[in-house]
Amino acid sequence: MANALATCDMATVLEGVRTARGWSQGDLARAVAYSQSWVSRVVNGQQALTVSQVQDLAQRLDVPLHLLRFGGSPPPGGPVQKEVDTTRRREFGKAVAAGALLTAAPAAPPPSQAPHPVDETTASALRSITGGQRRMDASAPARHLLPSAVAHVQLAEQMLAHSRGTPFHPALSAAASEAAGFAAWLHADLGDMGSARVHYRTAVVRARQAGMRLLDVYMLGSLAAFEIDTAEDPELGLGLVREAEHVLGPSAHPTARAWLACVGALAHAGTGDGAAASRAIGRAEKEAARTTNTDPPWPWVFAFDQAKVAGYRALVGVRLRSPHEAREAFAEAFAQKAANAKQAAVLQVELASAHAEAGDVDEAFRLAREALATGVRFDSERVIGRVRRFRRGYRGPRAGCVDDLDRRLTSLMTGIAAPDQGAGISGKYP
């Protein structure tokens with residue numbers, strides 16, 4: 001380990017820390033707030049690291065930064081290290097040598113001396129970037145947005161680090177929370193559950209550091225919705241909802257209360273508690289009625305109105321196997337055209353489940369086919385996965401529409417268009 005520290009061999013350092021603490025690789029990934037696949041590549045020597053990543057990993061694992069160096073004089077009072085052979089130095093490269101020199105600088109320089117000084121405009125600039133990325137999510141595939149979103153998270157974290165000890169730190173914590181929350185959403189859309197969860201947790205931590213109650217609730221509720229609806233763990237999601245309700249308090253803005261009640265209703269429905277789900281939807285409807293003439297509070301962008309509550313009521317109906325109630329609620333929810341095609345496709349799959357449960361097979365599979373086309377167009381694993389789940393859950397009679405959807409799903413795996421169908425993007429269905 002001493003040799004690994006002296007040569008900045010982070011693969012060996014990470015594996016040594018993991019072994020010493022009795023962690024799994026997943027535990028290590030959670031500790032450093034990166035995805036398990038990324039950590040695996042680092043440990044196996046397949047992932048190059050930047051100077052800032054080396055420093056970030058060391059700080060998260062409580063590894064003293066002065067130990068990540070190429071020999072030389074020890075820190076005051078520290079042990080003498082032997083000079084490391086020049087061949088080993090080149091293995092990590094000049095970038096890490098520069099990083100070792102940077103660690104000798106003061107840990108928290110005054111803002112005026114920081115290499116990237118922050119001021120009262122920094123947080124708003126970061127938030128405007130996140131806002132622009134969110135707007136693009138409605139019309140662009142997540143895989144196109146993700147690289148810039150992850151880079152933006154890193155930028156926000158760097159600005160946050162430079163804001164320590166300044167009055168701008170809370171606002172920058174909030175900006176970092178929003179950036180992490182959006183990156184989590186994109187990872188979830190692409191089916192990367194581990195990375196999504198890591199970013200959601202970071203968003204929750206940063207929101208709490210910001211000391212902004214509504215942002216704290218928004219990120220807790222977003223993580224809860226992810227666990228309930230994407231990770232299919234309603235019990236964990238319900239616990240997160242209760243924590244968010246505790247933070248929210250009884251006199252918060254009705255938009256926040258209506259939304260959180262709907263997330264809770266979805267959790268109750270997932271556990272099979274129809275009575276609790278119905279009560280939660282009832283509370284949401286009452287709160288939504290109070291939002292008619294009020295603007296939504298930040299970080300909500302749109303008012304949480306009755307149409308949105310109807311969408312959740314429909315989802316609850318599907319999970320509780322009440323197809324007729326679900327279809328009525330979907331009709332109300334779809335009365336207003338959804339701005340986000342991917343979100344509309346998710347609802348279409350849920351509506352397809354309601355139709356299938358009611359015996360309307362042709363309509364069910366028509367909706368599923370349309371949703372699949374949207375999922376392929378946006379390369380959304382979230383949507384495509386919902387269609388697959390719908391098909392796995394169907395236990396009705398075989399029909400031409402069923403066979404057609406099966407051919408389309410098979411073509412996604414093989415890249416070969418089914419007979420009488422045109423190939424879409426990358427050989428997939430349009």
Side-chain angles (χ1 to χ4, degrees), residues 123-139 170-171 173-186 188 200 203-204 206-208 210-226 228-229 237 240-241 243-267 280-316 329 332-344 346-347:
S124 60
L126 292 171
R127 286 175 55 195
S128 68
I129 293 171
T130 304
Q133 291 173 333
R134 284 190 178 279
R135 287 188 290 274
M136 292 180 67
D137 177 55
S139 59
S173 294
S177 176
E178 287 191 280
F182 182 61
W185 171 263
L186 294 177
Y200 270 128
V204 170
R206 294 294 179 242
R208 192 146 293 185
M212 298 177 180
R213 181 167 51 90
L214 285 182
L215 181 63
D216 192 345
V217 169
Y218 183 84
M219 291 307 174
L220 276 171
S222 296
L223 176 57
F226 166 79
I228 295 162
D229 203 37
L240 290 165
V241 168
E243 169 64 15
E245 288 173 339
H246 174 72
V247 174
L248 186 62
S251 59
H253 194 283
T255 289
R257 295 181 62 79
W259 173 74
L260 195 56
C262 283
V263 176
L266 206 56
I281 288 292
R283 291 197 303 274
E285 289 173 339
K286 291 179 181 177
E287 295 293 346
R290 299 170 54 202
T291 68
T292 306
N293 298 315
T294 63
D295 292 327
W298 175 82
W300 282 266
V301 177
F302 303 105
F304 201 80
D305 56 16
Q306 295 292 354
K308 289 186 172 64
V309 176
Y312 276 92
R313 189 167 67 247
L315 296 177
V316 167
E332 183 181 345
F334 276 109
Q336 297 181 10
K337 183 175 177 61
N340 189 313
K342 289 181 283 186
Q343 287 294 87
V346 169
L347 283 178

Inset, instruction - State which residues pass side-chain contact (heavy atoms from CB on, under 4.5 Å) with Arg127; sequence neighbours excluded, sorted by chain then number. - result: Ala175, Glu178, Trp298
Inset, instruction - With sequence neighbours left out, write down each residue that passes ring pair (Phe, Tyr, Trp, His ring centres under 6.0 Å) with Tyr218, or none if nothing qualifies. - result: Trp259, Trp300
Legend entry - Approximate separation, where rounding is to 0.5 Å, of Phe182 CZ and Met136 CE: 8.5 Å
N/O donor to acceptor pairs below 3.5 angstrom from side-chain atoms of residues 280-289, sequence neighbours left out:
residue	atom	partner	partner atom	Å
Glu285	OE2	Arg313	NH1	2.7
Glu287	OE1	Arg290	NH1	2.7
Glu287	OE2	Arg257	NE	3.1

Legend entry - Point-to-point distance, once rounded to the nearest 0.5 Å, from CG of Leu266 to CD1 of Ile228: 5.5 Å
Inset, instruction - Looking only at non-hydrogen atoms, find the nearest pair between Gly181 and Ala203 and report the distance. - result: N-CB, 3.7 Å
Legend entry - Considering all heavy atoms, the nearest Val241-Gly264 contact: CG1-CA, 3.9 Å
Inset, instruction - Can you see which heavy atom on Ala224 is nearest to which on Val263, and at what distance? - result: CB-CG1, 4.2 Å
Inset, instruction - Sequence neighbours left out, what pairs pass salt bridge (charged side-chain N to carboxylate O under 4.0 Å, His left out) with at least one residue falling in residues 245-254? - result: none
Legend entry - Rounded distance [0.5 Å steps], CE in Met219 versus CZ in Arg208: 12.5 Å
Legend entry - Residues forming a side-chain contact (heavy atoms from CB on, under 4.5 Å) with Arg135, sequence neighbours excluded: none
Inset, instruction - Compare every heavy atom of Ala210 with every heavy atom of Pro170, then report the nearest pair and how far apart it is. - result: O-CB, 3.4 Å
Inset, instruction - List for me each residue that meets salt bridge (charged side-chain N to carboxylate O under 4.0 Å, His left out) alongside Asp137, sequence neighbours excluded, and say none if there are none. - result: Lys342
Legend entry - For Pro296 against His253, the heavy-atom pair lying closest together: CA-CE1, 4.4 Å
Inset, instruction - Taking all non-hydrogen atoms of both residues into account, name the closest pair between Ala207 and Ser177 and its distance. - result: CB-OG, 3.5 Å
Inset, instruction - Find out whether Leu248 and Asp216 are in side-chain contact, i.e. whether some heavy atom of one side chain is under 4.5 Å from a heavy atom of the other. - result: no
